[in-house]
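Structure record follows, encoded as structure tokens.
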Amino acid sequence: MTQLRPRALHKVPLKTVKVLVIGPGGREHAIVRSLLEDPNVSEVHAAPGNAGISKLVPTHAIDGNNPEAVSALATKLGVDLVVVGPEAPLAAGVSDAVREAGIPVFGPSKEAAQLEASKAFAKQIMAEANVPTAMARVATNADEAADALDTFGAPYVVKDDGLAAGKGVVVTKDRAEALAHAQACFDAGGTVVIEEFLDGPEVSLFVLCDGRTTVPLSPAQDFKRIFDNDEGPNTGGMGAYTPLEWAPEGLVQEVIDRVAQPTVDEMARRGTPFVGVLYCGLALTSRGTRVIEFNVRFGDPETQAVLARLKTPLGALLLAAAKGELDTAEELRWSKNTAVAVVVAAENYPDAPRTGDRIRGLKKVDELDGVHVVHAGTKLDDEGKVVSAGGRVLAVVALGSDLVEAREKAYDGVELVQLEGSQFRTDIGGKAARGEIRVPYTATGTIPKVQA
Ligand code: AMP
Ligand code: GLY
């Protein structure tokens, strides 16, 4: 097992790394921003990007989910590194195509991306690597689903097995609703994973991996439901903050030791090494830390908050991961500030979001001290004006000396954004700022043994 050891400055010479970032969202805008601040990076390109990204770097109108199109663009541009943002291109094999073209890529192979693309596969790896997670059963028909629901009892957790942008999961006390979601997945030709309910606060921990070595970033908390107080349907994520003052000391090391490193080791053992971000979605339950899910890429909008605090040059770090050299990377440095990201979503998100509306006030937000806008579903219209083009339209990201100040600044920014019908949660980081988050266990090393 190899974990990061502190080292001197990374050896990448100044201004030599040319990077192509794949993806259209807020996560990619945040990544592009950080890459531009890296003195090792000479040039950044993006495909397809969004209105915010296209103001910073050249963008290319290709299908980012098409492996051949991405590797052709990367070759044509002569980049030294491709960073793949979203899960869809990873599951489609974009990283494999770029790697075959001889270009280092930050993002797992199609096979390794199964850790996110198939929840059943993720459960299998976790079982083999002895990673603590919710007990689960795969169901392929209504009878099996009913049986599994009754085994675990309420609240019921029913997950579409495939990729669903965070929207394939139903958590409910209503047995009929749980069964109906399972049936809808079966009708669509899929299978479901039914799990025991995990109580306790959730944490997102991003772990950079190069196939062998693991380097954790700073933990964050995401807000998945559309409405305040965690009500309404799940979304891709409505806001985030980092770091987590309330997290037990030693949590990160525990997750590396019990979750990330064993998973990376198991993937390597299988001959499908994991290169990229292993996003550990965790619940801190009364029975210890449990994995809720793995994702194989940076989280959105957590990345907007996490990268706002990262002082270590991002390009050199991702290049080191892509080349299997994370053990030589410099030790991560972080701003002492707290970062909060509040998502502004379109009317009717997450169902059928309204699009095509003018967005005003963004310049005023960027003028606020320590506050910036990260674009997600935006584009430029024929007149070059920024209009909405997706469900989660943008995030306002603020840095403050503590969570209370960062929240105030973020919401000051959100108030300046003008988009008809738009919605946002008013409680991002609210409970934590009021000291109301309770972790059911406090010490480390308390994870009970995983059931066989
Ligand atoms: P997932 O797509 O697996 O991350 O699930 C989306 C969200 O559903 C998670 O962030 C949790 O809020 C919730 N969830 C998923 N699995 C469970 C579980 N076993 N117990 C409680 N909540 C869960
Ligand atoms: N914010 C949750 C995700 O990226 O899946």
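Below, each value reflects all heavy atoms present in this structure, side chains not excepted, and no hydrogens, waters or symmetry copies. First listed ligand is number 1; within each ligand, the first listed atom is number 1.
The ligand atoms of ligand 2 that sit less than 4.0 angstrom from a heavy atom of Gly299 are 4 (O). Contact atoms of ligand 2 toward Asn295: 5 (O) (distance under 4.0 Å to a heavy atom of the residue). Listed by number with element, the atoms of ligand 2 under 4.0 Å from a non-hydrogen atom of Arg297 are 3 (C), 4 (O), 5 (O). Using a 4.0 Å cut-off to heavy atoms of Phe197, the atoms of ligand 1 that qualify are 20 (N), 21 (C). With ligand atoms numbered from 1 in the order given, ligand 2 contributes 2 (C) to contacts under 4.0 Å with heavy atoms of Lys224. For ligand 2, the atoms lying closer than 4.0 Å to a non-hydrogen atom of Glu302 are 1 (N), 2 (C). Short contacts between ligand 2 and Gly236, defined as distances under 4.0 Å to a heavy atom of the residue, involve ligand atoms 1 (N), 2 (C), 3 (C). Ligand 1 places these atoms under 4.0 Å from at least one heavy atom of Lys159: 3 (O), 15 (C), 16 (N). Those atoms of ligand 1 with a heavy atom of Val157 less than 4.0 angstrom away are 16 (N), 17 (C), 18 (C), 19 (N), 20 (N). Close contacts between ligand 1 and Glu202 involve ligand atoms 9 (C), 10 (O), 11 (C), 12 (O) [criterion: under 4.0 Å to a heavy atom].
Using a 4.0 Å cut-off between heavy atoms, Asn234 contacts ligand 1 through its side chain alone, with no backbone atom that close. At a 4.0 Å heavy-atom cut-off, ligand 2 does not touch Phe298 at all. Under 4.0 Å from ligand 1, heavy atoms of Leu198 appear from its side chain as well as its backbone.
Residue Glu196 places a heavy atom less than 4.0 Å from ligand 1. Distances shorter than 4.0 angstrom occur between a heavy atom of Lys119 and an atom of ligand 1.
Glu111 has no carboxylate O lying under 4.0 Å from a charged side-chain N of Arg270, or vice versa, which leaves the two without a salt bridge. With salt bridges taken as basic N to acidic carboxylate O contacts below 4.0 Å, one links Glu87 and Arg297. The pair Arg287-Glu196 meets the salt-bridge criterion, with a side-chain N (NZ, NE, NH1 or NH2) lying under 4.0 Å from an Asp/Glu carboxylate O. Between Arg225 and Asp427 there is no salt bridge, since no side-chain N of the basic residue sits under 4.0 Å from a carboxylate O of the acidic one. Classification of Lys431 and Glu436 as a salt-bridged pair fails, no side-chain N sitting under 4.0 Å from a carboxylate O. Note on Asp265 versus Arg212: no salt bridge recorded, every NZ/NE/NH1/NH2 to OD/OE distance being 4.0 Å or above.
In terms of polar-atom proximity, defined here as any N/O pair under 3.5 Å, Gly237 makes no such contact with ligand 2. Considering backbone and side-chain atoms alike, Asp222 places an N or O below 3.5 Å from some N or O of ligand 2. Not one N or O of Glu293 is nearer than 3.5 Å to an N or O of ligand 2, by distance alone.
Under the 3.5 Å distance criterion, the side-chain polar atoms of Ser118 are left unmatched by any main-chain donor or acceptor of Gln114. Under a 3.5 Å cut-off, the side chain of Thr213 and the backbone N or O of Asp210 do not form any donor-acceptor pair. Judged by distance alone, the side chain of Arg137 and the main-chain N or O of Leu149 form no donor-acceptor pair under 3.5 Å. A distance-only check finds a donor-acceptor pair linking the side chain of Ser95 to the backbone of Gly107 [under 3.5 Å].
Under the 30°/60° scheme for interplanar angles, the aromatic rings of Tyr411 and Phe424 are found to be tilted.
With atom 19 (N) of ligand 1 as the reference point, the heavy atom nearest to it among Glu195, Arg225, Glu293 is part of Glu195.
Residues Ser204 and Asp222 bring no donor and acceptor atom of their side chains to less than 3.5 Å of each other.
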